[in-house]
Amino acid sequence: MDRSTQKHYFSTELLSWYRRHKRDLPWRRSRNPYYIWVSEIMLQQTRVDTVIPYFNRFIDKFPTVQALAEAPEDEVLKAWEGLGYYSRARNLQSAVREVNERYGGVVPDTKDDVASLKGVGPYTTGAILSIAYNKPEPAVDGNVMRVLSRYFLIEDDIMKPKTRVRMEALAQELIPEGAAGDFNQALMELGALVCTPKSPHCLTCPVLAHCDGRAAGMEETLPVKSKAKPPRPESRAAVLIEGAGRQAGKVLIRQRPQNGLLARMWELPHTALPPGARTGEAGLPTAHAALNAHLAGDGIGLEALAWVMEAEHTFSHIHWNMDVYAARLDASPVFGEAGPLLPSHYRWIGREDMAEHAFPNVFIRILNAYFSGECASS
DNA sequence: AACTCGGGGCG
DNA sequence: CGCCCAGAGTT
């Protein structure tokens, strides 16, 4: 079959299918560019079902560009808690503030202006322009590359940037006149519901008839994707520092630095252990030494440790294997009237104070276990 | 081009 | 438990 006929068939059938089968999603109930923008940032590397409750809460809390621009950063980060890739939240608010000042709160509608916004790359630029403004720009994510690589039997490695550029050219050609928003969403909807990564549902696919990948029996092996490096393992020791006196029942947490891993999130104090260090009770002396060395710079020393639990956490590039201990402060800190004088990024909290601090999931798990008494401690 | 940045769902 | 992600920024 002629390639241009194959393309035209794909565009018209897919668009028609989408208009009959599209899901009712919160950000599809209007064409509010701010809603589209927020949803697209949340959807980066994140599933629809995960995003929905976050999106609803976020829009409820920050209903407009102006509201988000004027919100305290802490509240934005707390609203993002558990979603991951927290720089998305910081970049979003930074870009929203720019839109509020430079464009009077109106999300811009030109490629250069949208693409220059922090946290908005090639995919999100195309998504905003097409979905919010119906401009004929491609929005190519991993989902779209999977669909196109199968239908057109493209064997380029989708991990290579060059492949995304080729896919963008193809995706733009395919956009039907005046239907950019619906077509781009149709492409992603097909990838999410039918042309799935594993065991695609070809028998219900609206474009099965001219799918080259399926015809070649390659629907399971496409797209070609080079393997990512496995995450490097890290042994770490974390400590629940238990308050005494007026801090009784509370534990000590601290806020992470402005940049880097889990930027500005709150956490239990923890530090890396030598590779291959012993774990659990057996690792207690090593952990005690490592934690005291790590905390000495902040004027904190620990009395004897008690082992509490293990906790694991996997990032894309690091795997934390964490031993959690409990301890009390020794007498080394300088005592002020309110107790030990601690650096300003430390804070004593009880269970009820967790609501005011944004934690990575691994620390939420530990703190919940601790405060609910599910784990033994001193 | 390689590395940095979370977390959950699924077969 | 390995693999999959509705990517973008930095170096």
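For clarity, every value in this text was computed on a predicted model and none was experimentally measured. Scope of the values below: all heavy atoms of this structure, side chains included, with no hydrogens, waters or symmetry mates.
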* Asked: Please give, in whole Å, the distance from dA6(C) C1' to R164(A) CZ?
  -> 14 Å

* **Residues, nucleotides or ligands: over 12 heavy atoms within 6.0 Å of H345(A) NE2** => yes

* To do: Rounded to the nearest angstrom, tell me the gap between atom CZ in R90(A) and atom P in dT4(B).
  => 16 Å

* Asked: With respect to E173(A), which candidate in R3(A), K7(A), R166(A) satisfies the salt bridge (charged side-chain N to carboxylate O under 4.0 Å, His left out) definition?
  -> K7(A)

* Asked: Which other residues end up in the same hydrophobic cluster as L153(A), if Ile, Leu, Val, Met, Phe, Trp and Tyr are linked when side-chain heavy atoms come under 4.5 Å apart?
  -> M218(A), L222(A), V224(A)

* **Spacing between M188(A) atom CE and dA6(C) atom C1', to the nearest angstrom** => 6 Å

* Can you list every ring-ring contact (aromatic ring centres under 6.0 Å, His included) pair that touches residues 19-39 of chain A, not counting sequence neighbours? -> W17(A)-H21(A), W27(A)-F55(A)

* To do: For atom CZ of R31(A), decide whether the heavy atoms of other residues, nucleotides or ligands shown that lie under 6.0 angstrom number more than 12.
  => yes

Nucleotide N/O to protein N/O under 3.5 Å, stretch nucleotides 9-11 of chain C:
{"from": "dG9(C)", "atom 1": "OP1", "to": "G119(A)", "atom 2": "N", "distance (Å)": "2.6"}

* To do: Using salt bridge (Lys or Arg N to Asp or Glu O under 4.0 Å) as the criterion, list what pairs up with E267(A), not counting sequence neighbours.
  => R254(A), R256(A)

* Asked: Is the number of heavy atoms from other residues, nucleotides or ligands within 6.0 Å of NZ (K61(A)) greater than 12?
  -> yes

* Could you check how far CE of M167(A) sits from P of dA6(C), rounded to whole Å? => 14 Å

* Selection: residues 55-63 of chain A, any non-hydrogen atom under 4.0 Å of DNA chain C -> none

* Fit a plane to each ring of H357(A) and W266(A), take the angle between them on a 0 to 90° scale, and name the class: parallel (under 30°), tilted (30 to 60°) or perpendicular (over 60°). => perpendicular

* **Interatomic distance at P, dG9(C) relative to dG8(B), whole Å** => 24 Å

* Mind checking what makes ring-ring contact (aromatic ring centres under 6.0 Å, His included) contact with F363(A), not counting sequence neighbours? -> H270(A)

* Asked: Quick one: is dA6(C) close enough that its OP1 or OP2 comes under 4.0 Å of any side-chain N or O from T124(A)?
  -> no

* Quick one: is K162(A) getting a side-chain N or O under 4.0 Å of the dA1(B) phosphate, OP1 or OP2? -> no

* Asked: Which pairs count as ring-ring contact (aromatic ring centres under 6.0 Å, His included) when at least one residue sits in residues 201-236 of chain A, sequence neighbours excluded?
  -> Y9(A)-H210(A)

* Sequence-distant partners of F183(A), ring-ring contact (aromatic ring centres under 6.0 Å, His included), two or more places apart -> none

* Span that lies between the P atom of dC5(B) and that of dC4(C), in whole angstrom -> 23 Å

* **Close aromatic pair by centroid cut-off 6.0 Å: F58(A) and Y54(A)** => no

* Structure fact -> Closest non-hydrogen contact found for F359(A) with I349(A) is CZ-CD1, 3.9 Å

* **Contact residues, residues 15-37 of chain A to DNA chain C [heavy atom, < 4.0 Å]** => R23(A), L25(A), R28(A)

* Taking atom P in both dG6(B) and dT11(C), compute the distance separating them and give it to the nearest angstrom. => 16 Å

* Treating Ile, Leu, Val, Met, Phe, Trp and Tyr as nodes and any side-chain heavy-atom pair under 4.5 angstrom as an edge, say whether I52(A) and I36(A) lie in one connected cluster. => no

* V324(A) with I364(A), same ILVMFWY side-chain cluster at under 4.5 Å -> yes

* Asked: Does the gap between the ring centers of W320(A) and F315(A) come in under 6.0 Å?
  -> yes

* Tell me: CG of L222(A) to P of dC3(C), nearest whole Å? -> 18 Å

* Qualifying residues under side chain to side chain contact (heavy atoms under 4.5 Å, CB included), relative to P197(A), sequence neighbours excluded -> R146(A)

* **Atom pair distance, as rounded to whole Å: CD in E220(A) and C1' in dC4(C)** => 14 Å

* Mind listing the residues from residues 133-161 of chain A sitting with a heavy atom below 4.0 Å of DNA chain C? Number order is fine. => D141(A), G142(A), N143(A), R146(A)

* Nearest-angstrom distance, P atom, dA8(C) to dG9(B) -> 23 Å

* Scan nucleotides 5-11 of chain B nucleotide by nucleotide, 5' to 3', and note B when protein non-hydrogen atoms come under 4.0 Å of the base, S if they reach only the sugar-phosphate, - if neither. => BBBBS--

